[in-house]
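Ligands are counted one by one from 1 in listed order, and the atoms in each one are counted from 1 as well. We use all heavy atoms of the structure for the numbers below, so side chains are in, but hydrogens, waters and symmetry mates are not.
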Amino acid sequence: MIKLTNINMEFNGKQILHDINLEVAKGETMVIIGPSGSGKSTILRLIIGLLKPTIGNIMIKEQEISCLSEDQLNKVRLDMGMVFQYSALFDSMTVGENVAFGLREHTAMSEKEISKIVSRNLRMVGLTDQQDRMPNELSGGMKKRVSLARAIAMKPEIMLYDEPTAGLDPIMSGTIDRLIMNTKRMLGVTSVVVTHHMSSAFTVADRIAMIHNGSIIEVGTVEEIKQSENPLVQQFIHGLKTPGAYVRRRSNLV
Ligand code: ADP
Ligand code: MG
């Protein structure tokens, strides 16, 4: 469904991504983990076509997108929903208008049909009867859920999530994790989730890719990542200060 081949990305002559290869199968949830500044959001922006790679190919559903025009890209994007790190709701629109936005812009649905979808999606994310509120009246977790309700309104085949649980308390993070899994189950979507919450990663992932300084250093199932011999992976998933800390701890155990 998504295939990145030999992606290199430079900003102002500085190389940010090094030879990234990553495939996400239809219906799979790929979680990208890694330290802040390692290039995770850049990968999402490449997938949605907001950035073009310096070198490399990006296939979305068998179509190479790095050479498409803005018009052609917009068509591809209709199949993708994105939940941004900072929700990115339209502040001047009500919750309901936010969720309805894509349907009004891109479909010929009647207002009655749209209103049905809006209520259904808001109910799905636990925000029944909230359509008349304004984004600035909502908590961070509620905004994220509106953003999710908006992203799935167009029934995308691909969902991209950038740090969907950042800044949320553990209970709300758990709610968002469940919504990500429900969305996968109900819509059969292919998902890429960027997070640095390990509990989230282990909960929602089919596979995890760990990125470090712009390179993918490990890809595997949750079990494979937990048992990785790579000290950088162990350092990251256990929140240790240095890679050596894990090696020392392990050797104490043997
Ligand atoms: P992450 O999401 O893992 O925290 P990002 O993908 O946002 O990391 O950024 C990776 C690196 O690329 C950072 O060093 C960041 O400063 C740089 N970067 C990201 N976007 C741009 C841009 N548009 N112009 C210049 N540098 C950028
Ligand atoms: Mg980021």
query: Below 4.0 angstrom, N of the basic side chain to O of the carboxylate: do E111 and R104 qualify?
result: yes
Return the residue, atom name and 0.1 Å-rounded distance of the protein heavy atom closest to [atom].
atom                    : value
atom 15 (C) of ligand 1 : I16 CD1, 5.0 Å
atom 5 (P) of ligand 1  : T42 OG1, 3.6 Å
atom 8 (O) of ligand 1  : G39 N, 3.2 Å
atom 10 (C) of ligand 1 : G37 O, 3.4 Å

Distance-only, no hydrogens or angles: does the [X] side chain make a donor-acceptor pair with backbone N or O of [Y] under 3.5 Å?
X    : Y    : result
K144 : S139 : no
D79  : P156 : no
T190 : G27  : yes
R77  : G49  : yes
N98  : F90  : yes

Are any of the N/O atoms on [X], whether in the backbone or the side chain, positioned under 3.5 angstrom from an N/O atom of ligand 1?
X   : result
F11 : no
S41 : yes
N12 : no

task: Pull out every atom of ligand 1 sitting under 4.0 Å from any heavy atom of P35, numbered as shown with elements.
output: 3 (O)
query: Is the shortest distance from atom 18 (N) of ligand 1 to a protein heavy atom below 4.0 Å?
result: yes
query: Take atom NZ in K3; do more than 12 heavy atoms of anything else shown fall under 6.0 Å from it?
result: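 Counting neighbours around NZ of K3, 12 or fewer heavy atoms of other residues, nucleotides or ligands fall under 6.0 Å, so no.
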query: Does any N, O or S atom of S41, backbone or side chain, fall under 2.8 Å from the Mg ion (ligand 2)?
result: yes
- prompt: Does ligand 1 have any atom that is closer than 4.0 Å to a heavy atom of G214?
  reply: no
query: Is the closest heavy atom of S36 to ligand 1 under 4.0 Å?
result: yes
- line: Interatomic distance, CD1@I180 vs OG1@T175, rounded to 0.5 Å, equals 11.0 Å
